[in-house]
A.B. asks: 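Dropping the structure in here first, questions after.
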Amino acid sequence: MSLYIEGLSKELPSNSNEMAQFQEVMRQQLESSMHAELEKLLGTAKGAKAEVSKKDFEGFRKLFHRFLQVKGPSVEWPKINRPPEESIQPYDKIKAKGLPDNIADSLNKLVVVKLNGGLGTSMGCKGPKSLISVRNENTFLDLTVQQIEHLNKTYNADVPLVLMNSFNTDEDTKKILQKYTHHRVKIHTFNQSRYPRINKESLLPVAKDMAMTGENADVWYPPGHGDIYASFFNSGLLEQLIAEGKEYIFVSNIDNLGATVDLYILNHLVSQPNGKRCEFIMEVTDKTRADVKGGTLIQYDGKLRLLEIAQVPKAHVDEFKSVSKFKIFNTNNLWISLSAIKRLQEQNAMDMEIIVNPKTLDGGLNVIQLETAVGAAIKCFDNAMGINVPRSRFLPVKTTSDLLLVMSNLYSLEAGSLTMSEKREFPTTPHVKLGSSFTKVQEYLTRFESIPDMLELDHLTVSGDVTFGKHVSLKGTVIIIANHGDRIDIPAGSLLENKIVSGNLRILDH
């Protein structure tokens with residue numbers, strides 16, 4: 001952030017000492033102005049919300065202070081090393097240890113945490129993304145509850161589910177939770193912080209009061225999933241779960257349908273000797289060309305560390321994306337010690353790189369929001385490690401192209417978990433690219449009378465005004481392109497194998 005301050009001081013001819021003093025004065029002024037603005041905002045908060053906002057703003061002040069201190073890139077490229085081999089274990093090695101006789105003992109030390117702060121807007125849906133139907137009318141949240149209930153019933157265990165909501169998703173999620181009251185899963189929620197977006201020029205909050213509607217509708221933001229540590233700690237829920245005998249959380253994105261509780265990884269965690277207890281496991285998996293932007297694990301200053309593309313100097317971006325040097329990426333499936341989170345929060349020792357996310361509001365105002373990523377804290381935990389897991393544990397649904405895959409016969413659904421069909425000869429998923437006519441879920445659904453048979457599909461590209469009849473079968477590489485003004489209706493019962501379809505094909509009712 002000194003870059004901003006340096007920009008202000010470029011015109012001043014001066015020696016380096018005076019420059020440093022000037023920059024320090026500028027920093028102090030910016031912090032003082034920010035403090036005054038936040039106090040003004042807090043003055044408009046009412047009731048119980050005032051106390052919550054006060055805690056949120058304490059966190060924001062710390063983040064803003066660190067933002068003003070940052071000088072240039074957060075990593076020096078020459079200091080980056082590949083992690084030592086023992087720090088990233090192959091999953092098969094973890095699995096080879098087998099399972100204990102009493103699996104319930106291990107499960108009773110576990111809490112499942114799902115990151116549930118995101119909206120479904122990128123897929124054209126209102127409300128929380130977790131409430132989008134993904135398979136047989138089941139939502140992301142339904143599948144999560146089914147998975148945990150199945151574990152609890154099968155092993156007579158008590159694994160609770162915790163949802164980290166944001167101010168965008170909390171109200172709608174809580175309404176839906178009532179339907180799970182008779183399921184064998186205890187469900188808790190806590191809220192991510194609410195931070196003010198700041199004007200890119202003045203570095204002051206855009207908000208004029210604590211309201212969240214009207215002209216204040218887009219001046220707040222949830223500050224990334226790195227906020228989980230402080231929010232979980234501040235909510236009191238972390239203490240409560242430790243008091244109930246819980247030791248580890250398994251954290252993942254709610255839209256990653258591959259992120260189910262893995263008993264072998266859990267056993268690895270709970271079976272270690274006390275002095276060598278691993279406090280943090282990051283599940284990583286092998287990179288493909290689709291994952292070149294994903295964060296990777298590196299060795300830096302003797303510690304395992306997450307390196308995100310935003311931290312990479314421009315001159316080294318291509319090197320970062322190469323599959324030969326950085327072979328794995330972070331799935332954001334994380335296993336973390338509860339007592340370690342408590343210790344680090346109490347010591348104020350949680351250190352995560354700041355992500356500066358620029359945005360433009362509807363009125364054209366340029367703002368920035370300061371965020372952190374949950375995996376970036378790996379360097380703060382003792383005996384942290386990575387486990388290189390099968391690709392099947394990374395099945396995110398970010399687009400309708402992903403949705404088509406998980407709705408198809410490529411996967412079978414049992415007890416809330418999706419597994420690749422045994423009938424598929426190759427374990428890899430096909431590459432699916434649906435065009436802009438399919439972006440919104442509602443529109444996507446109207447274009448398929450039924451989901452095609454995709455068991456033998458390698459690649460599908462669809463562009464333009466295209467619809468699919470019932471019982472269509474797609475094999476090999478299929479490319480369907482309807483040019484502007486044209487429409488293609490794929491007839492019911494069609495088999496397309498290694499075909500390119502273009503032009504105009506209309507099927508009308510007689």
Side-chain angles (χ1 to χ4, degrees), residues 120-125 129 132-138 140 255-258 288-293 391-392 394-413 418-510:
T121 40
S122 64
M123 293 170 77
C125 296
K129 186 175 182 182
I132 295 174
S133 288
V134 283
R135 179 85 185 214
N136 305 353
E137 302 300 310
N138 288 300
F140 290 104
D255 64 5
N256 178 6
L257 295 176
T288 67
R289 267 189 293 237
D291 317 305
V292 290
K293 291 182 179 177
R391 181 75 186 200
S392 57
F394 184 67
L395 187 58
V397 180
K398 303 290 182 192
T399 63
T400 49
S401 299
D402 300 328
L403 192 56
L404 181 62
L405 288 170
V406 300
M407 289 178 87
S408 76
N409 59 347
L410 283 164
Y411 292 95
S412 54
L413 177 66
L418 288 179
T419 48
M420 179 73 79
S421 168
E422 290 173 4
K423 293 176 185 170
R424 181 160 173 87
E425 289 181 17
F426 307 102
T428 55
T429 51
H431 185 70
V432 172
K433 203 171 167 188
L434 300 178
S436 56
S437 304
F438 292 79
T439 304
K440 295 181 176 178
V441 173
Q442 286 313 111
E443 198 171 353
Y444 151 89
L445 290 171
T446 63
R447 291 183 175 277
F448 291 96
E449 280 196 56
S450 68
I451 302 297
D453 172 352
M454 292 164 52
L455 275 176
E456 295 176 48
L457 181 69
D458 299 322
H459 180 108
L460 173 67
T461 295
V462 183
S463 177
D465 188 359
V466 179
T467 63
F468 292 78
K470 284 185 178 170
H471 311 306
V472 170
S473 194
L474 306 172
K475 298 183 179 185
T477 296
V478 178
I479 298 169
I480 306 168
I481 297 172
N483 293 323
H484 185 67
D486 290 344
R487 176 169 156 177
I488 295 176
D489 296 332
I490 303 298
S494 300
L495 164 60
L496 298 179
E497 184 169 4
N498 296 322
K499 291 282 187 286
I500 296 176
V501 182
S502 64
N504 205 356
L505 174 65
R506 297 295 307 273
I507 296 177
L508 304 171
D509 289 334
H510 186 54

A.B. asks: Taking the side chain as everything from C-beta on, heavy atoms only, tell me whether Y411 gets closer than 4.5 Å to L257.
C.D. replies: no
A.B. asks: Please indicate whether I500 has more than 12 foreign heavy atoms, meaning atoms of other residues, nucleotides or ligands, lying under 6.0 Å from its CD1.
C.D. replies: no
A.B. asks: Taking the side chain as everything from C-beta on, heavy atoms only, tell me whether K129 gets closer than 4.5 Å to T121.
C.D. replies: no
A.B. asks: Can you tell me how far apart CG (L418) and OG (S392) are? Round to the nearest 0.5 Å.
C.D. replies: 11.0 Å
A.B. asks: Between CG of L403 and CD1 of I451, what distance do you get to the nearest 0.5 Å?
C.D. replies: 7.5 Å
A.B. asks: Does a side-chain heavy-atom distance below 4.5 Å link E449 with D489?
C.D. replies: no
A.B. asks: Under the criterion side-chain contact (heavy atoms from CB on, under 4.5 Å), I'd like the reasoning laid out for D465 against D486: C-alpha separation, chi angles, the key distance, then a yes or no.
C.D. replies: CA-CA 7 Å; D465 188 359; D486 290 344; over 6 Å; no
A.B. asks: Under 3.5 Å, is there a donor-acceptor pair between the S412 and S421 side chains?
C.D. replies: no
A.B. asks: With a 4.5 Å limit on heavy-atom distance, are the side chains of M420 and T429 in contact?
C.D. replies: yes
A.B. asks: With a sphere of 6.0 Å drawn around NZ of K470, does it hold more than 12 non-hydrogen atoms of other residues, nucleotides or ligands?
C.D. replies: no
A.B. asks: So, do F438 and L404 sit near enough that their side-chain heavy atoms are less than 4.5 Å apart?
C.D. replies: no
A.B. asks: What's the spacing between N498 CG and L474 CG if we round to 0.5 Å?
C.D. replies: 11.0 Å
A.B. asks: Testing M454, E456, K423 one by one against L410 for a side-chain contact (heavy atoms from CB on, under 4.5 Å), which residue passes?
C.D. replies: M454
A.B. asks: Is any side-chain heavy atom of D402 less than 4.5 Å from a side-chain heavy atom of D255?
C.D. replies: no
A.B. asks: Contact between M123 and V397 at the side-chain level, heavy atoms closer than 4.5 Å - yes or no?
C.D. replies: yes
A.B. asks: Determine, for D291 against R391, whether the closest basic-nitrogen to carboxylate-oxygen distance falls under 4.0 angstrom.
C.D. replies: yes
